[in-house]
2 protein chains.
Amino acid sequence: MTESDKSTRDRLIETAMRLFHEQGYAATGVSTILREAGVKSGSLYYFFPTKEALLLAVLDRYMELLEPVILQPAFEATPDPVGRIFAVLEGYRQALIFTQCTMGCPIGNLALELSDTYPEVREKLSGLFNAWCKAIKGCLDAAGDRLPSHLNRETLSRFILTVMEGGMMQSRAQRSVEPYEASIAHLRDYFDQLIAAGAAKSSVASDVSP
Amino acid sequence: MTESDKSTRDRLIETAMRLFHEQGYAATGVSTILREAGVKSGSLYYFFPTKEALLLAVLDRYMELLEPVILQPAFEATPDPVGRIFAVLEGYRQALIFTQCTMGCPIGNLALELSDTYPEVREKLSGLFNAWCKAIKGCLDAAGDRLPSHLNRETLSRFILTVMEGGMMQSRAQRSVEPYEASIAHLRDYFDQLIAAGAAKSSVASDVSP
DNA sequence: ATACAATTTGATTGATCGATCAACACAATA
DNA sequence: TATTGTGTTGATCGATCAATCAAATTGTAT
């Protein structure tokens with residue numbers, strides 16, 4: 001009984017996490033969560049006052065999983081800070097391939113579905129984005145003088161998240177990894193140019209080297 | 001009677017378009033559409049067999065509006081091809097500000113909410129993305145030798161859509177235009193470097209081959 | 001004026017939605 | 001043994017969901 005010795009609360013969170021990712025929040029009925037988790041409705045409402053509270057718990061779980069599931073595996077792949085960033089992005093690419101481009105980023109999905117409906121949910125989604133960007137910014141900081149010194153690492157970390165989320169959105173809509181791969185390739189190109197400019201120790205945009 | 005002389009069909013499409021954008025597809029009940037459009041349920045189902053069929057009609061309307069509402073105003077702002085691309089992106093920025101970052105891109109929202117649920121819907125969303133990218137690629141082609149000749153303009157147009165969608169997603173989640181503006185600024189920086197490399201006619205770094 | 005098609009009406013359907021609650025089970029403590 | 005605290009059960013609630021349909025109305029052509 002690998003599954004049922006987990007607590008009822010955990011089974012509810014994990015089942016809801018999976019179903020929200022597969023189908024979205026509104027499209028997932030409470031009855032479906034109950035059936036797939038093997039839990040009766042009374043038990044759900046013993047732990048969570050509403051369906052929204054269950055969603056908030058799911059978002060907390062995502063925050064807990066960010067480090068061990070997303071960051072650590074990628075950071076183990078290489079000690080190079082820039083390489084680690086692209087290892088994270090490669091992880092999402094693998095997830096796209098594994099799900100045949102059907103699922104995308106769970107946080108991004110929920111962000112566009114309901115960042116207007118519940119203020120608390122929006123804040124947690126915002127917090128998840130911030131935590132992701134902070135980790136990436138840590139890599140940018142660690143890259144030191146390989147990047148131009150005047151470069152805004154804060155906005156660049158936002159830009160990287162932008163490319164990841166936008167790329168996954170398109171790949172899901174097109175049912176093909178190509179848009180994601182193309183986006184990452186252009187981000188890689190941008191990085192190569194930033195690093196080249198950093199090595200030249202000169203301005204990014206205005207440098208027309210002979 | 002500026003509103004009521006429109007056909008019932010049109011009023012349904014436009015009301016549904018607005019509500020789907022504001023609340024999402026699943027969160028918008030048919031009864032709400034009927035009330036706000038001033039239409040009885042029987043009339044809706046006279047024109048559209050299902051709620052999904054109404055959504056498909058909404059997506060067709062978005063396709064019709066792409067040229068006159070999104071592209072034309074931006075293209076009138078400047079004859080410069082690269083300037084036109086950023087004028088389009090500026091239009092989305094204005095929309096973000098106008099809605100206080102609550103609504104985002106209607107196509108992107110729907111893409112993440114239901115590109116898995118209905119195959120027909122996914123195909124229309126994919127078509128909308130393709131049409132948008134095609135228009136942007138037209139600008140890139142028109143930019144001629146200002147961009148490196150070996151640059152893949154097809155993937156670059158995808159990248160631009162990626163940045164737009166990803167940036168709007170973050171701005172919505174953060175309730176601030178800053179993530180969008182930061183993302184566009186880095187895209188601008190990337191373009192400046194591409195153009196500088198194009199002028200130098202000897203770029204090594206900007207070679208993107210997906 | 002008549003006939004026929006196109007559209008509108010609104011009451012109503014069964015299904016499903018999220019949520020409630022009194023009753024019950026089982027351990028730990030008194 | 002009695003009591004208390006922690007979960008579990010499942011029938012049931014009213015509300016809302018998308019969708020239906022026969023009847024009434026309007027528009028159009030003859």
Side-chain angles (χ1 to χ4, degrees), chain A residues 1 3-59 61 110 113-114 116-122 124, chain B residues 1 3-59 61 110 113-114 116-122 124:
Chain A
M1 304 274 200
E3 191 61 31
S4 59
D5 53 357
K6 286 183 179 175
S7 78
T8 302
R9 208 186 114 95
D10 277 352
R11 250 181 306 140
L12 282 168
I13 290 176
E14 282 161 28
T15 305
M17 184 160 50
R18 176 174 56 82
L19 290 170
F20 291 164
H21 190 193
E22 287 173 4
Q23 312 176 336
Y25 176 75
T28 301
V30 172
S31 63
T32 309
I33 300 173
L34 295 172
R35 181 171 11 94
E36 304 221 356
V39 170
K40 311 298 172 182
S41 74
S43 290
L44 190 159
Y45 289 98
Y46 173 78
F47 292 106
F48 308 101
T50 62
K51 183 188 178 188
E52 184 199 346
L54 174 58
L55 171 63
L56 292 172
V58 166
L59 294 178
R61 180 63 54 92
L110 292 170
E113 184 184 352
L114 23 89
D116 297 314
T117 0
Y118 313 104
E120 275 191 87
V121 171
R122 207 215 86 239
K124 281 206 190 291
Chain B
M1 313 249 229
E3 191 60 31
S4 59
D5 53 358
K6 284 182 181 176
S7 77
T8 302
R9 208 187 115 94
D10 277 352
R11 251 181 307 140
L12 283 168
I13 289 176
E14 282 161 27
T15 306
M17 183 160 50
R18 177 174 57 80
L19 290 171
F20 290 164
H21 190 194
E22 286 173 4
Q23 313 177 336
Y25 175 76
T28 301
V30 172
S31 63
T32 309
I33 299 172
L34 296 172
R35 181 171 11 93
E36 304 220 358
V39 170
K40 312 296 174 183
S41 72
S43 290
L44 190 157
Y45 289 98
Y46 174 77
F47 292 107
F48 307 100
T50 61
K51 185 188 177 189
E52 183 198 347
L54 174 58
L55 171 61
L56 291 172
V58 166
L59 294 178
R61 180 63 55 93
L110 292 171
E113 185 184 352
L114 21 90
D116 296 314
T117 358
Y118 312 103
E120 274 191 89
V121 171
R122 208 216 83 239
K124 282 205 189 293

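Note that this is a predicted model, so its numbers are computed, not measured. Every chain is numbered from 1 and lettered A, B, ... according to where its sequence line falls, protein lines coming before strand lines.
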Whole Å only: how far is the [atom1] atom of [X] from the [atom2] atom of [N]?
| X | N | atom1 | atom2 | answer |
| --- | --- | --- | --- | --- |
| Tyr46(A) | dC26(C) | OH | P | 17 Å |
| Leu34(A) | dT20(C) | CG | P | 14 Å |
| Leu55(B) | dA18(D) | CG | P | 12 Å |
| Arg11(B) | dT8(C) | CZ | C1' | 11 Å |
| Tyr45(A) | dA22(C) | OH | C1' | 18 Å |
| Phe20(B) | dA18(D) | CZ | P | 9 Å |
| Ile33(A) | dA19(C) | CD1 | P | 10 Å |
| Leu19(B) | dA18(D) | CG | P | 12 Å |

Item checked: Heavy-atom pair of closest approach, residues Val58(A) and Ile13(A) -> CG2-O, 3.7 Å
Notebook entry, point to check: Taking all non-hydrogen atoms of both residues, which atom of Thr8(A) and which atom of Val39(A) are closest, and how far apart?
Noted result: CG2-CG2, 3.7 Å
Margin query: For a 4.5 angstrom cut-off between non-hydrogen side-chain atoms, does Thr117(A) reach Gln23(B)?
Written below: no
Check: Is the NZ or CZ atom of Lys51(A) both under 6.0 Å from the centre of the six-membered ring of Tyr25(A) and within 45° of that ring's axis?
Finding: yes
Next item on the list: Please tell me which of the listed nucleotides, dT7(C), dT9(D), dC17(C), lies nearest to the side chain of Phe47(B)?
Entry: dT7(C)
Check: Where the side chain of Ser31(B) is defined as all heavy atoms beyond and including C-beta, which of dT8(D), dC17(D), dA19(C) is the nearest nucleotide?
Finding: dC17(D)
Check: Going by an N to O cut-off under 4.0 Å, is there a salt bridge joining Glu14(A) and Arg18(A)?
Finding: no
Would you mind classifying the nucleic acid contact of [X] as base, sugar-phosphate or nothing, using non-hydrogen atoms under 4.0 angstrom?
| X | answer |
| --- | --- |
| Gly42(B) | base |
| Ser41(A) | base |
| Thr28(A) | sugar-phosphate |
| Lys40(A) | base |

